[in-house]
Amino acid sequence: MKRLPAIILTLILVISLSACGLPSNPEIKQPSHITTSDNEDGAQQNEQTKEPSQAEVTIHETVLVDEAGIKITATGLESDAIFGSELKLLIENNSGKDLTFQCRNASINGYMVGTVMSVNVASGKKANDSLTFMEADLEACKIDAIADMEIAFHIFDTSNWKTYLDTSAIQVKTSIADTYPYRYDDSGNLAYEENGVKIVVKGLSEESSILGPSIVVYIENTSGQNLTVQTRDVSINGFMVNATFSCEIAAGKRAVDAITFLESDLEKNGITAITDVELSFHIFDSETWNTTVDTGAIQIAF
């Protein structure tokens, strides 16, 4: 068994952490031209219901995959790992090929979250390893305890990278799944709601990323397709700037993410305070890359 080189894992972790760790209540001024969704009931529920502690959460040993010479068993859940909660896995490879195992489209309690996992298992061998759910992402989504996980495995030939098996979505419920108070905070200013996609601007955070300030967004996907949301034609205070944003959202899931601006762009244009942002969203099918919609320009004032 071999892992990705340490430097690659480090880069993955930096990217994951820089996009998350968002403040719980970013301030935002009401844009006059963006419709505001009415979310008072959801906000009240969030305040009144207390989640159980993650330390109380357990899972039963469960076979997740058993096909094509591959067997993956979930053996436990560790809540206090260094980068986040870890789903412990026993991977058995009897496929006749040396394979690499990764994870795609992971969600916790209905929210998309970042993961770290890449495990090489030689033919005829086994590996005890883990799938890490990034703590920064859980905090951004206000998840204090894991009630259910949904994941899919991407398995490919280690030597030539050809796909060996892409599993369907697999749900793993924990010991608190039946009593967990599921809640989704879509409070903020509605920027777009069509084609089964809802995008809410939650606020401007100047300290959410090592790259620069970010706009925090909530995205909901009820389209029935796995979608990716990106930004185009971004300007700040009238100056064109680069934005870092690409959010994959599986069908029926939600995400809290950040549109991050490069501090170097702001400095180059003499921008010391962000007062207005203009951008459009490019939304496409994550599997076929076919465009779902390119929105018109959306203006956000702070």
Side-chain angles (χ1 to χ4, degrees), residues 5-34 36 83-84 111-116 134-142 185 187-192 197 199-219 227-249 255-284 293-302:
I7 188 170
I8 297 178
L9 279 178
T10 301
L11 289 173
I12 292 172
L13 294 172
V14 167
I15 293 171
S16 299
L17 291 171
S18 67
C20 303
L22 307 177
S24 301
N25 296 294
E27 296 181 359
I28 185 170
K29 293 182 180 179
Q30 175 69 46
S32 60
H33 52 274
I34 294 183
T36 302
F83 291 115
Y111 280 103
M112 303 297 293
V113 297
T115 59
V116 175
M134 301 306 295
E135 184 65 30
D137 285 8
L138 300 183
E139 291 176 357
C141 298
K142 301 179 182 178
D185 180 11
S187 60
N189 296 288
L190 184 66
Y192 176 81
V197 178
I199 303 175
V200 175
V201 175
K202 299 186 73 66
L204 176 66
S205 172
E206 297 183 346
E207 299 179 354
S208 63
S209 168
I210 60 174
L211 300 177
S214 300
I215 290 178
V216 183
V217 293
Y218 166 93
I219 306 176
L227 298 176
T228 300
V229 181
Q230 297 179 348
T231 52
R232 287 183 172 175
D233 300 326
V234 181
S235 67
I236 297 178
N237 301 358
F239 291 93
M240 300 299 294
V241 298
N242 294 308
T244 301
F245 182 72
S246 188
C247 183
E248 293 188 21
I249 312 176
V256 176
D257 212 324
I259 304 168
T260 302
F261 310 114
L262 300 180
E263 190 66 43
S264 58
D265 278 3
L266 303 187
E267 293 175 355
K268 178 176 63 177
N269 292 295
I271 300 172
T272 57
I274 297 175
T275 58
D276 63 85
V277 176
E278 185 174 295
L279 54 78
S280 62
F281 290 105
H282 174 56
I283 305 172
F284 59 92
V293 66
D294 283 314
T295 73
I298 298 170
Q299 296 180 338
I300 310 167
F302 297 97

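A quick note: this is a predicted structure, and the numbers were derived from the prediction, not measured.
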Shortest non-hydrogen separation from Thr115 to Met134 and the atoms involved: N-CG, 4.3 Å
Atom pair CD1 (Ile219) and CD (Glu248), whose distance is rounded to the nearest 0.5 Å: 11.5 Å
Of all pairs that satisfy salt bridge (Lys or Arg N to Asp or Glu O under 4.0 Å), the ones with a partner from residues 227-245, not counting sequence neighbours: Arg232-Asp294
Between CD1 on residue Ile298 and OH on residue Tyr192, distance to nearest 0.5 Å: 8.5 Å
Flag side-chain contact, heavy atom, 4.5 Å: Phe261 against Ile271: no
Residues forming a side-chain hydrogen bond (donor to acceptor under 3.5 Å, both in side chains) with Asn242, sequence neighbours excluded: Asp265
Nearest non-hydrogen partners of Thr231 and Ala243, listed with the distance: OG1-CB, 3.9 Å
Set of side-chain hydrogen bond (donor to acceptor under 3.5 Å, both in side chains) partners for Thr244, sequence neighbours left out: none
Pairing residues for Glu263 by the side-chain hydrogen bond (donor to acceptor under 3.5 Å, both in side chains) criterion, not counting sequence neighbours: none
Residues which pass side-chain contact (heavy atoms from CB on, under 4.5 Å) with Thr275, listed by chain and number, not counting sequence neighbours: Asn237
Note, Phe245 side chain near Leu279 side chain (heavy atom, < 4.5 Å): no
For Ala255, all residues meeting side-chain contact (heavy atoms from CB on, under 4.5 Å), sequence neighbours excluded: Met112, Cys247, Ile249
Minimal non-hydrogen separation, Ser214 against Thr260, with atom names: OG-OG1, 2.8 Å
Val234: which of Ile259, Val241, Ile215 passes side-chain contact (heavy atoms from CB on, under 4.5 Å): Val241
Minimum heavy-atom distance between Ala140 and Val256, given as atom pair plus value: O-CG1, 3.8 Å
Residues forming a side-chain contact (heavy atoms from CB on, under 4.5 Å) with Glu278, sequence neighbours excluded: Ser235, Ala297, Gln299
From Ile236 atom CD1 to Leu266 atom CG, the distance as rounded to the nearest 0.5 Å: 5.0 Å
Nearest heavy-atom neighbours spanning Phe302 and Ile274: CB-O, 3.7 Å
By side-chain hydrogen bond (donor to acceptor under 3.5 Å, both in side chains) - contacts of Ser246 (at least two apart): Gln230
Results of ring pair (Phe, Tyr, Trp, His ring centres under 6.0 Å) for Tyr111 - residues two or more places apart only: Tyr184
Asp276: partners by salt bridge (Lys or Arg N to Asp or Glu O under 4.0 Å), with sequence neighbours left out: none
